[in-house]
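Single-structure report; data block below.
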Amino acid sequence: MEALYLLIPLSVVLVLAIGAVFWWALASGQFDDLEGPAHRILMDDERADP
Amino acid sequence: MDPSLVTRHSSPGTAGAAPCACFHCGEPVPEGSRFSAVVDGAPRAMCCVGCAAVAQAITTSGLAAYYEKRSKLPQREAAADAPGDLAVYDLPEVQRPFVRDAGAGIRQATLLVDGITCGACAWLIERGLQRCEGVRGVAVNLSARRVQVEWDEARTHLSAIMGVVDALGYRTRGFDPAAGESAAARERRGMIWRLFVAGFAMMQVMMYAVPIYIADGDMSRDAEQLMRWASFTLTLPVILWSAGPFFRNAWRDLRTRRAGMDVPVALGIAVAFAASAWATVSGRGEVYFDSITMFVFLLLGARYLEVLARARAAESQQRLVRHMPAVAERLVAGVAAGGTERIAAARLVAGDRVLIAPGATVPADGRVMSGQSAADESLLTGEARPVPKHAGDVVTGGTVNLSGPLLVEVTRVGPESVLAGIVRLMDRAQSGKPRIAQLADRVAQWFVAALVAVAFATAIAWYWIDPQRALWVMVAVLVVSCPCALSLATPAALAAATGALHRLGILVTRGHALETLSQVTHVVLDKTGTLTLGRLALIGAIPLGGEAREAALALAAALERGSEHPVARALRAETPGAAQVRVEDVVNHPGLGIEGRVNGRRVRIGSPAFASGVNGRPLPSELLFAADEVTVAVLADEQGYLAMFTFGDRVRPGARRLVRELEAGGRTVCLLSGDRRATVEHVARELGIRTAVWESTPDCKLAYVRGLQARGAVVAMVGDGINDAPVLAQAQLSIAMGGGTDLAHASADMVLVADDLFRLSAAFDTAGRAMRIIRQNLAWAAAYNAVAIPLAVAGLVTPLVAGAGMALSSLAVVANALRLRPAAIAARLPPAARSAGGGALAAR
């Protein structure tokens with residue numbers, strides 16, 4: 001049972017941390033473009049132009 | 001198969017016998033096309049100059065890798081349009097809505113880009129812009145088709161940046177975030193956040209609550225206390241942030257001495273939280289953090305649905321405003337003919353002449369001076385079919401010019417325009433409330449006041465019975481009751497119905513219109529301009545001599561080619577093939593007819609007497625049968641009579657089905673007209689109207705409607721809005737036919753903007769459904785409260801169950817109101833006037 005004294009505060013901290021991370025992700029535009037990055041990774045930057 | 005592979009290998013020489021595809025866009029290259037561009041060191045066939053230019057631009061910027069990377073072909077139209085004059089985008093007033101000044105000469109803008117089809121497009125635009133002098137940053141958003149660009153104003157300009165994107169084959173527009181995301185949308189986003197926080201906290205608080213319930217007192221005191229503190233910590237953000245709107249609304253209501261529905265909610269949450277917090281701190285008593293978080297979460301969910309329903313209704317209105325273009329192409333007065341300049345559309349004034357390219361949006365209301373085209377007015381009328389536009393026709397700002405360039409003289413701008421008028425009418429509708437909603441509001445006030453009183457009385461009573469439980473019974477009473485049907489669902493249902501009708505081309509301009517419409521017993525219709533289109537149309541063409549019907553029509557239309565007489569317009573509208581007939585020496589005899597020479601013979605069209613002058617023969621006997629009320633034109637040559645044409649006012653599409661549908665719904669349809677008996681009887685017979693009154697003056701019409709009302713009828717009058725104003729005002733519900741232009745001044749309760757009269761039937765249908773849903777909601781709320789409140793007073797309901805019951809009841813009521821979605825209503829309307837007969841309706 002002693003584990004509870006560690007686990008419960010830990011869970012509160014985790015919940016707050018997860019909330020904060022999600023908040024940051026949304027605010028910083030991580031979900032703005034769900035399509036583009038998947039393509040962008042495949043685009044080589046340069047190639048020898050003829 | 002990957003389309004990019006197809007294009008890469010279908011360059012000239014490898015394509016075989018099949019017509020080869022354009023290397024850039026994949027469209028077939030026309031026979032003998034001379035367009036080509038060098039890509040990857042080899043000449044490639046191009047279908048048009050647009051594609052060639054774009055391919056050239058891509059190659060010379062060193063971005064030919066685009067053709068390897070792309071997985072979808074670009075749209076050809078995007079490439080084929082010649083880029084317009086972009087210099088206008090450097091004007092401060094054009095830039096204001098979407099360009100942000102980041103200081104030190106750095107500017108940022110978000111551009112909407114048409115024509116982005118795959119990841120390679122994003123790559124192309126990003127690389128293309130990054131190579132531009134002065135561009136500091138580019139970010140392409142592929143899902144939203146947007147480009148965010150930051151540049152140094154001292155080194156480059158927005159027009160140059162847009163020019164680069166244009167050259168790569170995409171069309172750009174400024175994106176105004178304020179227009180894209182209205183205040184309501186921002187509020188909606190805030191609500192999602194509140195909902196998310198409440199939901200997340202609810203789940204976690206439940207995690208702490210369940211072990212305590214299961215342990216049922218076996219848990220060590222310290223552990224339980226720890227759980228309580230954890231729950232308290234996670235409930236705090238729910239109270240402070242998620243439940244904020246409830247407290248704010250309740251405080252606002254209390255200050256204005258009203259009893260809104262948020263008062264008991266806020267009170268319940270506050271009392272429950274305060275008591276639970278005290279129990280946590282003191283270590284004695286019950287905690288109900290799980291109930292509080294769940295209650296807030298579910299209630300927010302119901303509110304969110306309601307906001308969503310109203311947003312969807314408001315969307316059709318916002319659509320109107322958002323479609324006004326930012327830029328207009330104005331003819332420069334005094335400069336050599338054809339000179340145009342691009343100016344901000346907001347700077348147009350009446351009298352300006354503007355050129356509207358095909359595909360462009362009409363920037364202001366105006367009259368066509370020259371050009372032939374068709375306009376998409378679906379935004380206004382809900383009618384998908386293009387409306388033909390010729391010289392003299394009226395065009396409305398916000399509609400889309402489809403096929404040909406038009407020269408338009410601006411007649412009205414800004415607040416006088418049709419669009420502004422519509423927005424005003426819709427605002428007026430929203431500011432007025434129907435009686436049922438007013439009643440609901442009043443009842444809700446009393447209900448809430450009574451509820452708070454009952455809650456306190458219950459608390460006092462329980463204090464004598466069991467002081468331990470008094471507080472929680474009170475909280476349960478406060479929370480379990482649900483005035484939501486009264487305060488939330490009625491407005492939501494009305495807004496949804498109004499929005500749905502707007503999409504069908506019916507404007508509701510008064511708050512009471514929907515309620516009255518559902519009670520209408522008698523529908524009185526005016527004839528001219530209402531049941532009929534109010535303009536002359538060809539009814540019959542009877543060949544009299546050797547000429548076939550079509551040939552005679554073509555000949556007549558050719559003779560009338562230069563005339564603006566209504567008969568001439570009606571004839572031309574029927575015979576598109578008239579251009580092939582050559583007519584010489586045309587002489588117009590005003591008031592009589594037209595004479596001309598066709599293949600050497602003299603031909604006349606006009607009144608019977610005038611036509612007989614060309615050959616001097618007695619008029620054909622068929623003419624005797626022509627009734628008084630139709631206009632007759634006779635076509636004759638030197639040898640004899642060729643054909644007789646009759647013209648009359650044609651019945652509006654959908655009129656017959658509307659009458660049938662209304663009668664099937666148990667309503668009486670009457671026809672009131674100032675016309676002659678024969679005409680009115682003819683129309684009434686044709687439409688199946690049993691009651692018709694002819695040769696009635698406006699006073700007669702007024703008396704007739706009063707007579708109906710004296711017998712207890714609820715009368716809906718449908719008229720053209722101008723001639724029938726007194727009668728319209730007398731009827732309980734007035735419906736005006738809005739031909740577009742007089743809309744802004746319409747005083748009617750509803751305006752039918754579409755041409756198809758049958759849509760009124762959808763209005764009756766929708767009004768009936770809206771009222772039915774409101775009544776269902778009220779009945780449900782009454783039944784729920786009648787059961788739940790006594791149970792709560794008796795102490796049989798825990799706060800948890802009370803919160804769940806109330807929130808679920810709210811959800812049920814709002815979800816019921818959501819059934820009035822526009823899509824659901826449009827689906828009930830048969831495929832408009834195109835389908836013959838009313839099979840779909842009969843089956844219903």
Side-chain angles (χ1 to χ4, degrees), chain A, chain B residues 38-42 59-66 68-72 116 118-124 126-127 130 139-146 148 189 192-193 196-197 200-201 203-205 207-208 211 215 219-220 222-234 236-237 241:
Chain A
M1 282 298 269
E2 277 65 41
L4 275 182
Y5 297 101
L6 176 69
L7 289 177
I8 288 174
L10 201 64
S11 70
V12 173
V13 171
L14 260 179
V15 165
L16 293 179
I18 290 169
V21 166
F22 185 57
W23 191 291
W24 166 82
L26 206 62
S28 67
Q30 297 287 319
F31 295 106
D32 282 1
D33 186 2
L34 297 175
E35 236 177 288
H39 291 278
R40 198 158 294 139
I41 194 86
L42 298 172
M43 302 282 160
D44 300 333
D45 245 15
E46 297 302 328
R47 57 159 212 164
D49 287 324
Chain B
V38 176
V39 179
D40 277 351
T59 315
T60 47
S61 331
L63 296 170
Y66 161 72
E68 279 177 4
K69 294 177 193 293
R70 68 179 177 183
S71 59
K72 282 203 188 92
I116 293 188
C118 68
C121 298
W123 177 86
L124 188 62
E126 248 168 40
R127 285 303 120 83
Q130 274 164 4
V140 179
N141 184 335
L142 190 60
S143 0
R145 312 269 186 271
R146 273 182 224 154
Q148 218 165 14
R189 260 207 343 191
I192 296 184
W193 265 115
F196 168 77
V197 168
F200 204 48
M203 287 191 282
Q204 199 52 40
V205 171
M207 292 287 203
Y208 302 134
M219 193 177 278
S220 80
D222 284 351
E224 195 177 324
Q225 196 61 15
L226 193 64
M227 299 271 203
R228 287 180 169 198
W229 275 107
S231 305
F232 172 78
T233 318
L234 292 182
L236 258 183
W241 157 250

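Naming convention: chains lettered A, B, ... in sequence-line order (proteins, then strands); numbering from 1 in each chain.
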- So, Phe200(B) versus Phe22(A), ring centres under 6.0 angstrom or not? no
- Task: Examine whether an atom of Trp193(B) lies under 4.5 Å from a heavy atom of chain A, and if so say whether it belongs to the side chain, the backbone or both; otherwise answer neither.
- Result: side chain
- Note on the structure: Heavy-atom closest pair (Asp222(B) atom, Tyr5(A) atom, distance to 0.1 Å) is CB-OH, 3.1 Å
- Could you look at Ala230(B) and say if it's the side chain, the backbone, both or neither that has a heavy atom under 4.5 Å from chain A? both
- Shortest non-hydrogen pair, Leu226(B) vs Leu4(A), comes out as CD2-O, 3.6 Å
